[in-house]
S.K.: 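The structure's right below; bear with me while I get my questions together.
Side chains are part of it too, since the values below use all heavy atoms of this structure and drop only hydrogens, waters and symmetry mates. Computed from a predicted model, the values in this text were never measured in an experiment. A, B, ... follow the sequence lines: proteins, then strands. Residue 1 opens every chain.
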Amino acid sequence: MNEATAAKIAALIAALSAITIEDLQEIKNDGNLGPDVAQNISDLQNKTASIDDETLSVWGQGRKDAGLSQV
Amino acid sequence: MKLLISLCCSLLLIGCSAKRISTNPTPITTWEQVSYDNLQISVHNRAIAKAITAANQAGLLETSYYDVVSREGINLTNLHKALTPLLKDEATARTNSEKVDLLLNQLVNSSTVIAETASIKNEQSRQNLITEAQLVRSLAGSILSLLRESGVITAGGVQ
């Protein structure tokens, strides 16, 4: 394996780890619920919808960058 | 010193169990747990999207594989977007129990496809992807169990 490839892989592993830690932090933050059950559920639902929209954006941009058609 | 180490280990173990909500002193309702698990699905699903896209941009994937897995990822996300509003409360979930059951099982199947077809040219990255996909599968299964326990879903099962 040449140095450029090794550097790519190291960067990718670091990126994957950072994503996981960041997402776990988000889970932990969202675990701090208050006493209002209806509000908690609403907040969780809104956050969920927002993250799903972000995910579709990630896929969409990724496909565009790869020269693939939009789904 | 040993006492300090034991205390630190205990605190770490308590923190690691935080995937189930444990910071609120009042009991967590079933529906809060369902909503929380459902949020976790979106978080781990987003991690899958970021990981695979980053791997593709780093040249670690064949474009043909990225085409297939991104289509599956988009499908999974759209399934989840359809599911979330049906879980807003028990009455809505009960009214749509068959659809909820179907969507959750489709989520399980879709995440299984992603886990089983992981084709990244780096073993650690591949294992990270498999872990995230398996977490999505497990969380969908957990929601199914919660809904069966509360009687919202009365038939079917995780495939």
Side-chain angles (χ1 to χ4, degrees), chain A residues 1-2 4-71, chain B residues 15 18-26 28-29 31-32 34-36 38-61 63 66-67 69-71 73-78 80-81 83-85 87-89 120-122 124-125 128-129 131-132:
Chain A
M1 181 187 298
N2 62 35
T5 303
K8 263 189 192 174
I9 290 173
L12 181 61
I13 290 171
L16 288 172
S17 300
I19 287 165
T20 302
I21 289 168
E22 172 190 280
D23 290 340
L24 287 175
Q25 187 62 51
E26 193 160 5
I27 289 172
K28 186 180 172 186
N29 288 341
D30 283 309
N32 294 323
L33 301 178
D36 186 333
V37 173
Q39 187 62 53
N40 290 339
I41 291 171
S42 177
D43 289 346
L44 290 168
Q45 287 247 316
N46 288 338
K47 190 63 185 284
T48 301
S50 168
I51 292 174
D52 279 343
D53 286 340
E54 184 185 342
T55 301
L56 287 175
S57 176
V58 169
W59 284 126
Q61 188 62 49
R63 287 183 65 85
K64 186 179 174 185
D65 293 342
L68 298 168
S69 60
Q70 294 300 296
V71 176
Chain B
K19 208 171 245 167
R20 307 297 280 194
I21 304 169
S22 60
T23 56
N24 194 327
T26 58
I28 302 301
T29 63
W31 227 253
E32 282 171 314
V34 165
S35 299
Y36 186 72
N38 195 48
L39 168 65
Q40 289 188 60
I41 288 178
S42 67
V43 170
H44 289 292
N45 184 39
R46 180 180 59 184
I48 291 170
K50 285 183 175 180
I52 295 177
T53 299
N56 188 51
Q57 290 167 345
L60 296 178
L61 299 181
T63 301
Y66 185 72
D67 185 14
V69 76
S70 59
R71 286 176 185 273
I74 289 167
N75 178 52
L76 192 157
T77 308
N78 283 329
H80 194 241
K81 280 177 68 73
L83 171 69
T84 296
L87 297 178
K88 68 175 187 176
D89 53 49
I120 297 180
K121 297 173 194 171
N122 173 270
Q124 183 164 342
S125 302
N128 285 343
L129 170 61
T131 298
E132 295 291 339

S.K.: What I want to find out is whether B:Glu132 reaches B:Arg46 closely enough, with some N-O distance under 4.0 Å, to be called a salt bridge.
M.R.: no
S.K.: In terms of heavy-atom proximity below 4.5 Å to chain A, should B:Ile41 be classed as side chain, backbone, both, or neither?
M.R.: neither
S.K.: Measure distances from B:Asn45 to the heavy atoms of chain A and classify the residue's part below 4.5 Å as side chain, backbone, both or neither.
M.R.: both
S.K.: Taking side chain as everything from C-beta outward and backbone as N, CA, C, O, which of these in A:Glu54 sits under 4.5 Å from a heavy atom of chain B? Side chain, backbone, both or neither.
M.R.: side chain
S.K.: If you tally heavy-atom pairs under 4.5 Å against chain B, which of A:Asp53, A:Thr48, A:Val37, A:Asp43 wins?
M.R.: A:Thr48
S.K.: Side-chain contact test, heavy atoms from C-beta onward, threshold under 4.5 Å: evaluate it for A:Arg63 versus B:Tyr66 and give yes or no.
M.R.: yes
S.K.: Any luck finding a side-chain donor-acceptor pair between A:Asn40 and B:Ser35 under 3.5 Å?
M.R.: no
S.K.: Using every non-hydrogen atom in the two residues, find where B:Thr77 and A:Trp59 come nearest and quote the distance to one decimal.
M.R.: OG1-NE1, 4.1 Å
S.K.: Which bit of A:Asp52 is near chain B, if near means a heavy-atom gap under 4.5 Å: side chain, backbone, both or neither?
M.R.: both
S.K.: Between A:Ser42 and chain B, with a heavy-atom cut-off of 4.5 Å, which part of the residue counts as in contact: side chain, backbone, both or neither?
M.R.: neither
S.K.: State, yes or no, whether a side-chain contact exists between B:Arg71 and B:Ile74 at a heavy-atom distance under 4.5 Å.
M.R.: no
S.K.: Counting heavy-atom pairs under 4.5 Å to chain A, which of B:Asp67, B:Thr63, B:Thr53 comes out on top?
M.R.: B:Asp67
S.K.: With a cut-off of 6.0 Å (strictly less than), are more than 12 heavy atoms of other residues, nucleotides or ligands near NZ of B:Lys81?
M.R.: yes
